[in-house]
Amino acid sequence: KQEVTQIPAALSVPEGENLVLNCSFTDSAIYNLQWFRQDPGKGLTSLLLIQSSQREQTSGRLNASLDKSSGRSTLYIAASQPGDSATYLCAVRGAGGTSYGKLTFGQGTILTVHP
Amino acid sequence: KAGVTQTPRYLIKTRGQQVTLSCSPISGHRSVSWYQQTPGQGLQFLFEYFSETQRNKGNFPGRFSGRQFSNSRSEMNVSTLELGDSALYLCASSYPAGEFDEQFFGPGTRLTVL
């Protein structure tokens, strides 16, 4: 059974800092990994999608890497801003076993960027 | 292009009742997935529909069911509601419904069971 873990659970940083969020997963049989952002009481906003054959994806100040063999992904946020404050979730799409085709989510990292 | 829409946005029900939630995917998307989000369990996969057929299913009791219509709109039904069913229910759509596709989520339906 696929399990996804995100570290740290919460992070508070001053504006302007570069930061790294970590995601690990137990089963390397995945189709892709997706990073999302969720604001309180709202739905999920897709940030980046990395296919299993890719190593990284970039969008603006965001960069996500994937090391499928070791079961790890990182989300790098450059020059953080107060508007980045949200919960960040990673999810993997299973490619085998009972996780086939399903998105399995981590518990999220709650990010607070203070002015 | 309009995003994924869900109705209603908020619902209050009592134990034992049943509820139906609706999801309209992004135009052209053919796959719709449903998720339950609670503070204790986080986000959990319920089921996925493609071309009016359930393609995948999570580990939820039979009280949770769904369907998809020919226009790709989907409904989710929960019968005999329990207090533990209180959650944010999210649906997501993707195109062209392959395993490699990015999922786009709606704003969710907040269900409260009293």
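Reminder, nothing fancy here: chain letters follow the sequence lines and each chain counts from 1. The analysis underlying the following values was restricted to heavy atoms, covering all of them including side chains, and did not include hydrogens, waters or symmetry mates.
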**Asked** With the 4.5 Å side-chain cut-off for hydrophobic clustering, are A:Y76 and A:W35 part of the same group?
**Response** no
**Complete:** Taken to the nearest 0.5 Å, the spacing of B:F104 CZ from A:T45 OG1 works out to 10.5 Å
**Hydrophobic cluster identity match, B:F45 and A:F105, side-chain contacts under 4.5 Å** = yes
**Complete:** Max heavy-atom pairs within cutoff under 4.5 Å with chain A, candidates B:Q44, B:Q37, B:R9, B:Q6, goes to B:Q37
**Message:** Can you tell me which portion of B:L43 sits under 4.5 Å from chain A's heavy atoms? Options are side chain, backbone, both or neither.
**Reply:** both
**Prompt:** Counting heavy-atom pairs under 4.5 Å to chain B, which of A:Q107, A:Q34, A:Q38 comes out on top?
**Reply:** A:Q34
**Message:** Same cluster or not: B:V19 versus B:F60, using hydrophobic residues (I, L, V, M, F, W, Y) connected whenever any side-chain heavy atoms lie under 4.5 Å apart?
**Reply:** yes
**Message:** As an exercise, state the distance from CZ of B:F105 to OG of A:S46, rounded to the nearest 0.5 Å.
**Reply:** 9.0 Å
**Atom group of B:F47 that falls short of 4.5 Å from chain A, counting heavy atoms** = neither
**Request:** Tell me whether A:L44 is reachable from B:M76 by hopping between hydrophobic residues (I, L, V, M, F, W, Y) whose side-chain heavy atoms are closer than 4.5 Å.
**Result:** no
**A:L62 CG: over 12 foreign heavy atoms closer than 6.0 Å** = yes
**Asked** By a 4.5 Å heavy-atom criterion (distance strictly below it), what part of B:Q41 contacts chain A: side chain, backbone, both, or neither?
**Response** backbone
**Item:** Between CG on residue A:L103 and OH on residue B:Y35, distance to nearest 0.5 Å
**Value:** 3.5 Å
**Message:** Do A:V113 and A:I77 sit in one hydrophobic cluster, given that two such residues count as connected whenever their side-chain heavy atoms are within less than 4.5 Å of each other, even indirectly?
**Reply:** yes
**Asked** Is a side-chain N or O of A:K42 found less than 3.5 angstrom from the main chain of B:P107, in a donor-acceptor match?
**Response** no
**Message:** Please check if the number of heavy atoms outside B:N71 that lie under 6.0 Å from its CG is greater than 12.
**Reply:** yes
